[in-house]
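Since this is a predicted model, take the numbers as computed values, not measurements.
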Amino acid sequence: MGDTHRIRFDPVDLEIDVDEQETVLDAAFRQGISLMHGCREGQCSACKSFLLDGDVQMDRYSTFALADYESEEGYVLLCKTHVYSDCTIELINFDEDELHNAVPLQQVRTRITALTRLTPDIVSLELTPVEPGNYTFKPGQYSEVLIPGTDEHRSFSMATTPSADGIEFIIKCYAGGRFSALLTDGLGVGDELTLRGPYGSFTIKPGQVRDIVCIGGGAGMAPILSLLRHLAETGSTRAVRFYYGARTAGDLFYLPEIIELGGSLPEFRFVPALSQDTTADWPRMGVIEGDFGFVTDVVGRRETDLEDTDVYLCGPPPMVDAALALLDGKGVARERIHFDKFTTAVTEH
């Protein structure tokens, strides 16, 4: 281990100790502090903060998450920042109620109980915890899945809730992906995988009553499905609208369960949107409000007033970026927008 330094966060009056060999974000996790974060890989900007004082260095990160001019002005990504003196850092995105409400990090050995192809390129991976025999997380969070025989991992969102018997991941398979190759030809029922986590701030905040709008695409179904399952389990009275983007009708999955979950919520609308198909037979699929076009365009046409909503976005970066631009134009405050980007450089969603 290296030298340890003291970090003070403004404006929340919070201090932690950070070793030089760990990132600020990992040090916070270690001490039970839930700083705002997303991918933990320097790709998404959720943990972007401002260095007020001190000596720091950052590991390699994406300039899409932190532009060069921002770095020169003093902005940092906490998931990539190492400190070499006592520092003062201003948090830009934070939730005071959540800061001291982190779920403890766990490493869990699991066994595969099912591996099911949902679409030509998306599979469902179901696991049962073995040691320890349970896994605690918040609906909407994600885990690192260690790739057997390597020191690599991939990050995937849980599609289930903590009350479920097992853990489900919904994973997009990429040609040439190391973990993708294992899912399609290698791993099977009975094999073991190790999880680390949970991570992520894509969670339902207690006490809120605003409408919820979910916008997903591809394997971005996973954390949204976890949120929907949680809302149904807890008897939530919040109105929910779920827009899901896919290319064709063959890329849609879990429609019966989504419709059934919607029946457990007092006010629920599900609108799948197809970008490369205008011939879908929505009634045959049991869908009431199917639409055509990119999912963000469909949201733009259908949602005229989003200022008093909480919005959850999860999917490929182009979809999330387009949705963020749309929501900015509609006046949605950034603190009400929760998003996960699936970046293939660090994940194989």
[atom1] of [X] to [atom2] of [Y]: how many Å apart, nearest 0.5 Å?
X      : Y      : atom1 : atom2 : result
Ile171 : Tyr174 : CD1   : OH    : 11.0 Å
Ile89  : Leu91  : CD1   : CG    : 8.0 Å
Phe270 : Leu261 : CZ    : CG    : 11.0 Å
Leu231 : Ile204 : CG    : CD1   : 4.5 Å
Cys79  : His37  : SG    : NE2   : 9.5 Å

Check your understanding: Is the Lys NZ or Arg CZ of Arg154 less than 6.0 Å from the centre of Phe179's six-membered ring, within 45° of the axis?
Key ->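 No, Arg154 does not lie over the aromatic ring of Phe179.
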
Side-chain contact, heavy-atom cut-off 4.5 Å: [X] with [Y]?
X      : Y      : result
Asp308 : Arg336 : yes
Leu35  : Phe9   : yes
Ile167 : Phe169 : yes
Ile259 : Ile288 : no

Can you see which heavy atom on [X] is nearest to which on [Y], and at what distance?
X      : Y      : answer
Pro139 : Thr203 : O-CG2, 3.4 Å
Thr161 : His230 : CG2-N, 3.6 Å
Ala222 : Ser157 : CB-O, 3.7 Å
Ala65  : Gly42  : CB-O, 3.6 Å
Gly293 : Val298 : O-CG2, 4.2 Å
Met58  : Tyr75  : CE-O, 4.1 Å

Exercise for review: List in chain and number order the residues that pass side-chain hydrogen bond (donor to acceptor under 3.5 Å, both in side chains) with Tyr254, two or more places apart in sequence or in another chain; answer none if no residue qualifies.
Suggested key: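 Only Glu168 meet the side-chain hydrogen bond (donor to acceptor under 3.5 Å, both in side chains) criterion with Tyr254.
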
Practice item. Walk me through it: do Leu66 and Lys48 pass the test side-chain contact (heavy atoms from CB on, under 4.5 Å)? Key: CA-CA 8 Å; Leu66 187 71; Lys48 183 166 66 176; 3.5 Å; yes

Check your understanding: Any side-chain donor-acceptor pair under 3.5 Å between Asp68 and Ser71?
Key ->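 Not at all, the side chains of Asp68 and Ser71 share no donor-acceptor pair under 3.5 Å.
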
Check your understanding: Do the side-chain N and O atoms of Thr234 and Ser236 include a donor-acceptor pair separated by under 3.5 angstrom?
Key ->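 The criterion, which ignores hydrogens and geometry beyond distance, is not satisfied for Ser236 and Thr234.
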
Review point. Given Lys330 and Asp305, is the salt bridge (charged side-chain N to carboxylate O under 4.0 Å, His left out) satisfied, shown in steps?
Key: CA-CA 7 Å; Lys330 288 183 175 288; Asp305 184 8; over 6 Å; no

Check your understanding: If Ile, Leu, Val, Met, Phe, Trp and Tyr residues are connected whenever their side-chain heavy atoms lie under 4.5 Å apart, and connections chain through other members, are Met221 and Leu265 in the same group?
Key ->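 In one cluster with Met221: Leu265, yes.
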
Point to revise | In one Ile/Leu/Val/Met/Phe/Trp/Tyr side-chain cluster, 4.5 Å: Leu324, Val213 | key: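 Shared cluster, yes.
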
Is a salt bridge present between [X] and [Y], judged by a nitrogen-to-oxygen distance below 4.0 Å?
X      : Y      : answer
Arg8   : Asp86  : no
Asp211 : Arg238 : no
Asp291 : Arg301 : yes
Arg247 : Asp121 : yes

Check your understanding: Using 30° and 60° as the class limits, which term best fits the ring planes of Phe29 and Tyr199: parallel, tilted or perpendicular?
Key ->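 Perpendicular: the ring planes of Phe29 and Tyr199 meet at over 60°.
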
List the atom pairs, donor and acceptor, that lie under 3.5 Å between side-chain atoms in residues 108-116 and the rest of the protein, sequence neighbours left out.
unit_1: Arg109; atom_1: NH1; unit_2: Glu192; atom_2: OE1; d: 3.1
unit_1: Arg109; atom_1: NH1; unit_2: Glu192; atom_2: OE2; d: 2.7
unit_1: Arg109; atom_1: NH2; unit_2: Glu131; atom_2: OE1; d: 2.8
unit_1: Thr110; atom_1: OG1; unit_2: Leu193; atom_2: O; d: 2.8
unit_1: Arg111; atom_1: NH2; unit_2: Glu192; atom_2: OE2; d: 3.3
unit_1: Thr113; atom_1: OG1; unit_2: Glu126; atom_2: O; d: 3.2

Review point. How about Tyr142 and Phe202: are their ring centroids closer than 6.0 Å?
Key: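 So the answer is no for these two rings.
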
